[in-house]
There are 2 protein chains.
Amino acid sequence: MPKSTEDPGHGICNVRADFSVVEYARLATIRREPGSRQNQAKMQKAQETDLAVEAVPKRTTIRDVARTAGVGIGTISRVLNSSSQVSRETRARVLEAIRRLGFRPNAQARRILRRRSEIVCFLLSNRDFLHPFHARILQGVESYASGLKQHVLFAVLHYSPRTAPEKIDLPSVLQEHGLIDGVILAGTIYPNLLQRIESVHMPFVAFSNNVVGMDGAQQFDQVGFDDFAGTLQATRYLISQGHSRIDFAGDITLPWIQRRFEGYRRAMRENRLKPVLVTVRNAESFVDFGQKSGQRILALESRPTAVVAGNDETAYGLWLSLRRQGIKVPDEISLIGFDDREEAVLMDPPLSTVRVHKEAIGQTCMKMLLERLHHPQMAFSQRILPTEFVVRGTVRQL
Amino acid sequence: MPKSTEDPGHGICNVRADFSVVEYARLATIRREPGSRQNQAKMQKAQETDLAVEAVPKRTTIRDVARTAGVGIGTISRVLNSSSQVSRETRARVLEAIRRLGFRPNAQARRILRRRSEIVCFLLSNRDFLHPFHARILQGVESYASGLKQHVLFAVLHYSPRTAPEKIDLPSVLQEHGLIDGVILAGTIYPNLLQRIESVHMPFVAFSNNVVGMDGAQQFDQVGFDDFAGTLQATRYLISQGHSRIDFAGDITLPWIQRRFEGYRRAMRENRLKPVLVTVRNAESFVDFGQKSGQRILALESRPTAVVAGNDETAYGLWLSLRRQGIKVPDEISLIGFDDREEAVLMDPPLSTVRVHKEAIGQTCMKMLLERLHHPQMAFSQRILPTEFVVRGTVRQL
DNA sequence: TTAGGGTGTGGAACTAGTTCCATTGTTTTG
DNA sequence: CAAAACAATGGAACTAGTTCCACACCCTAA
C-alpha cells in the first residue's frame with residue numbers, strides 16, 4: 001500500500017504514546033490519516049483537470065485554529081463560548097489566531113450538538129397569500145426573534161379546508177428532523193390543518209383569530225386579539241356620540257366576524273337599542289360585501305345613522321357604494337371599520353377603526369413558542385391581546 | 001473506576017479484534033463506551049429528580065435502523081439517497097425498519113457533509129418594512145424555492161443610507177458560516193449596503209429597481225423590471241387615445257421614478273409633444289406627493305388632459321385632490337399609475353396602471369441565485385423583466 | 001512534607017449523517 | 001477452469017463543532 005504524502009506520525013498521534021510501538025504501527029496502516037482520503041481525491045482531480053492542488057480550499061476549522069495558537073481544540077471551543085475557564089493570555093493567543101485565519105465557526109455543526117436549530121418556521125396557508133395583515137405579524141415574529149438570536153423561516157402551505165388531514169402536504173421543513181424547532185401558524189386555520197400539524201409532533205403556536213370551526217376539544221398554544229371587546233368599545237363610542245340607530249354589516253359566517261358582531265350586539269343591548277345585522281350572500285370579496293351591504297342599507301325604509309363594519313375592507317366597500325349614491329360619510333352616515341389596515345388612514349375621510357397590534361401578535365407568538373420549547377410539558381395557554389379604538393374622520397356627533 | 005451499566009464489550013468493538021487482547025483491555029479503560037457519558041449523566045439526574053432512566057429518549061439514528069434491519073450503516077444511507085446499488089430485498093428490509101422505528105433523518109447532520117444548507121435568506125431593509133410589493137416578491141421567492149426543496153429564511157436589516165459600510169450591522173445569519181447558502185436582497189438598496197454585503201463574500205442577487213446611487217462600478221447579479229418601457233408604453237397609449245397635453249407627476253430624485261420619467265419623455269418626444277414634469281418638495285409620502293401635485297396641476301393656467309404618475313400611490317394622491325376640487329377622473333383628467341398594487345383595482349374608477357410581475361421577480365431572483373451557487377465563477381448578469389399595461393377605468397378617449 | 005482545593009488545559013469521545021475502500025459472492029469472459 | 005468484471009454490502013473515517021474527564025500545576029492548610 002503506497003503511502004501518499006509525508007509521514008504524519010510526529011505529534012498528531014501523540015495520545016497513542018501509551019500504546020506499544022508495534023500496535024501504533026499497526027494502527028497506522030489501518031487508519032487513514034485525517035484528510036488523506038480527500039487529499040488523494042484532490043490530487044487525482046488536480047492531475048485530471050491540470051489544476052494546482054490548493055485549488056480546493058479546505059475550510060478553516062477549530063483544529064486549524066488550535067494548531068496555529070498552539071493550544072488544544074477544547075480551549076478554542078471554550079474561547080468561542082466565552083466560558084471563563086481560560087487564562088487571559090491563552091484567550092488572547094486564540095483570538096489572534098482566529099483573526100489571522102479569518103475563522104468563522106460553522107453554525108451547522110454546532111446545531112447538531114445543541115439539538116436546537118434556533119430556527120422557527122412562520123407557516124402561512126396559500127389561501128391568505130401574504131396579506132398585509134399577516135405580513136405585519138411576520139414582522140413582529142422577526143423582530144422578537146432577531147433580538148434573541150433566533151431565525152425565522154418562511155413557508156407556505158397548500159391546502160383546502162376539505163382536504164383530508166392525512167393528505168395535507170406539509171412543507172418539507174416540517175417533515176424533516178432538526179431543521180426547525182417549532183412553528184408559528186398564521187392565516188386561516190381549518191380543523192383539518194390543525195389535526196395534520198399535531199400529527200408531526202412539532203411544537204407550534206397559532207394565531208387564533210382566524211381559526212375556523214373548532215369544537216374546543218383540541219388544545220394548543222394560541223395568541224389572538226379581542227374581537228368582541230373591539231366592536232363593543234367602537235359601538236359604545238358611536239352611542240356616546242348620540243347615535244342610536246346603528247347597523248352591523250359583516251359576514252358572520254366567519255367566526256371572527258361573528259365575535260365582532262357579538263361585541264356590537266352587547267353594546268346595543270346594554271343600551272336597550274335594537275341590533276340590526278346587514279348581510280348579503282355571494283359576495284366576491286369583503287369590499288364587494290361592503291358594496292352590496294351599502295345598497296341594502298340604502299334600500300331600507302329607515303336608514304341607520306351609523307354602521308359598524310366587520311372589517312376595514314367591508315367599510316371601504318360601504319363607503320364606495322354610499323358615495324356613489326351621493327350619501328356623504330360621515331355627514332349622513334357614520335362608519336367604523338376593524339383591523340386598522342394601512343389604507344384606513346388614506347381613505348377620504350380617514351376611517352375610524354379598531355386597531356389591532358399586528359406586530360405585537362407576532363412578537364407574542366414568538367415569545368410563547370420559545371416558552372413552549374423551553375418547557376415542553378407546560379400546559380397550553382391562550383393569550384388575548386387588547387385592541388384600541390382609533391378616532392379619525394368617519395364618525396359624526398349627532 | 002466503577003463501570004456503571006452492562007458490559008458493552010461484545011460486538012461493539014469487534015473491529016478492534018486485530019489488536020492484542022491486552023491492548024484492547026487498555027483501550028477499554030481509556031475510551032468511554034458510546035453513550036456511557038450521557039447515560040451516567042442521565043442516571044445521576046434521574047436519581048436527583050426521581051425519574052425513570054428512560055425518561056430521556058435517545059433519538060433514532062441510522063445506526064439503530066442498521067441494527068434493526070441487520071445491515072450496515074452505509075446501506076441505510078444508500079437507501080435514503082436512493083442510490084441504485086442496493087438489492088431489492090435489502091431495500092425492503094431497510095424501509096420496513098425505518099417505518100417500524102419511525103426514523104427521520106436529521107437534516108442538520110446531512111447539511112454539514114453536503115456543505116449546503118439549502119436555505120437562502122430573503123433580506124429586506126427595515127426602511128421598507130414588509131411593503132406589499134416586497135411581500136409579493138417574497139412569495140415568488142418562496143414558490144420557486146419550495147419547488148426545488150430549498151428553504152427561505154426571512155431577515156430584516158437595520159441601517160440608514162448614511163451608515164458607514166463597515167458599521168452596518170448585518171443579521172447574524174450573514175455572519176455565520178453554513179446557515180445560509182446565499183442572499184436575495186430586496187427593498188431600497190444604497191451603495192453602503194452593497195459594499196457591506198460584498199465584504200462578507202456571500203453569494204447574493206439583488207432586486208435592482210430600488211438600487212440607489214450606483215456608479216456602475218460594482219458588479220453583481222440583479223433582477224428587475226423595465227421602468228422605462230413601462231411608462232413609454234403607457235404614455236403611447238394615452239397619445240393613441242387622443243391626448244396631447246400629458247404631464248408626469250413623480251419624485252424623480254428616486255432613480256426608478258427617474259427612469260419612468262425618461263420613458264414618458266421618450267414617448268412625448270417621439271410624438272413631438274412637450275413633456276411637463278410636475279414635482280413638489282417636502283412631501284411626506286407618495287400619496288402626499290400626489291395630493292400636492294394635484295393642487296399644482298389645478299393651479300396651472302392650461303391644465304393637462306392626462307397625467308402619468310410615478311406610481312400607484314402618487315396616482316391615488318392625485319385622484320384624491322382632484323376629486324376634492326370636483327374634477328372628475330377620467331372625464332376631465334385621465335390618470336395612469338405604475339406598479340399595479342392590489343388596491344389599484346379597488347379605486348373608483350379602477351386605476352389604469354403598469355403592471356409589474358412581482359412574483360416573477362422573486363422567482364427569477366431565486367433562480368439566478370441557484371445558478372450562482374452552482375457556478376460560482378459565472379459572470380455577473382442582470383435580468384430585466386417586461387411590464388404590462390393594464391387598461392382599467394381612469395383613461396378617457398378624447 | 002503531604003494532602004487538598006482550585007484553575008487551566010488537552011484531547012478522546014461524542015453528534016448523526018455521508019463517503020469510499022475493502023471484501024464477499026456472483027457472473028461473465030478469455 | 002481460471003481470471004476478470006461486477007454488484008452488494010459492511011464499516012472506518014470523515015464533517016466540524018461541544019462536552020467532559022483526566023491531568024498538570026499552583027497555592028494553601030494540616
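Proteins come first, then strands; the chains are lettered A, B, ... in the order of their sequence lines, and each starts at number 1.
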Starting the side chain at C-beta, find the nucleotide from D:dA13, C:dT9, C:dA13 nearest to A:Val86. C:dT9
Any B:Ser87 side-chain nitrogen or oxygen under 4.0 Å from OP1 or OP2 of D:dT9: yes
Could you check how far CD1 of B:Ile112 sits from P of D:dA16, rounded to whole Å? 8 Å
Which is it for B:Leu123 and B:Val173 under the side-chain contact (heavy atoms from CB on, under 4.5 Å) test, yes or no, and what are the steps along the way? CA-CA 10 Å; B:Leu123 185 60; B:Val173 262; over 6 Å; no
Which pairs with one or both residues in residues 93-104 of chain A pass side chain to side chain donor-acceptor pair (under 3.5 Å), sequence neighbours excluded? A:Glu96-A:Arg99
Under-3.5 Å donor-acceptor pair between A:Arg63 side chain and C:dG11 base: no
Can you check the A:Ile76 CD1 to C:dG8 P distance for me, whole Å? 16 Å
Report yes if a side-chain nitrogen or oxygen of B:Arg115 is closer than 4.0 Å to either non-bridging phosphate oxygen (OP1 or OP2) of D:dA16; otherwise report no. yes
Of all residues at least two apart in sequence or in a different chain, which pass the side chain to side chain contact (heavy atoms under 4.5 Å, CB included) check with B:Ser146? B:Glu142
A:Phe154: what forms a ring-ring contact (aromatic ring centres under 6.0 Å, His included) with it, not counting sequence neighbours? none
Quick check on C:dG10: is either OP1 or OP2 less than 4.0 Å from any side-chain nitrogen or oxygen of A:Thr75? yes
Please state how far atom CD1 in B:Ile62 lies from atom P in C:dG17, giving the value in whole angstrom units. 6 Å
Scan for side chain to side chain donor-acceptor pair (under 3.5 Å) pairs involving residues 365-374 of chain B, sequence neighbours excluded, and state none if there are none. B:Asp221-B:Arg372, B:Glu371-B:Arg383
Nearest-nucleotide 5' precedence on DNA chain D, B:Leu113 against B:Gly72: B:Gly72
Looking at the side chain of B:Arg114, which of C:dT18, D:dT18, C:dT15 is the nearest nucleotide? C:dT18
Name the nucleic acid region contacted by A:Arg111, choosing base, sugar-phosphate or nothing; use a 4.0 angstrom heavy-atom cut-off, strictly under. nothing
Toward the 5' end of DNA chain C, by each residue's nearest nucleotide, A:Thr90 or B:Asn81: A:Thr90
Specify the separation, in whole Å, of atom CZ of B:Arg67 and atom P of D:dG10. 14 Å
Measure the distance from CD on B:Glu89 to C1' on C:dT26 and round it to the nearest whole Å. 14 Å
If you compare every side-chain N and O of A:Thr61 against the phosphate oxygens of D:dA16 (OP1, OP2), does one of them come in below 4.0 Å? no
Got a sec? Which of residues 93-109 of chain A come in under 4.0 Å of DNA chain C, heavy atoms? none
CG of B:Asp64 versus C1' of C:dG17: gap in Å, rounded? 13 Å
Mind calculating the distance between CD1 (B:Ile73) and P (D:dC14) to the nearest angstrom? 14 Å
Decide, yes or no, whether a salt bridge links A:Glu176 with B:Arg111 under the criterion of side-chain N to carboxylate O below 4.0 Å. yes
Taking the side chain from B:Arg78 and the backbone from B:Val86, do they hold a donor-acceptor pair closer than 3.5 Å? no
Which residues share a side chain to side chain contact (heavy atoms under 4.5 Å, CB included) with A:Ile112, sequence neighbours left out: B:Gln108, B:Ala109, B:Ile112
Specify the separation, in whole Å, of atom CZ of B:Arg78 and atom C1' of C:dG17. 14 Å
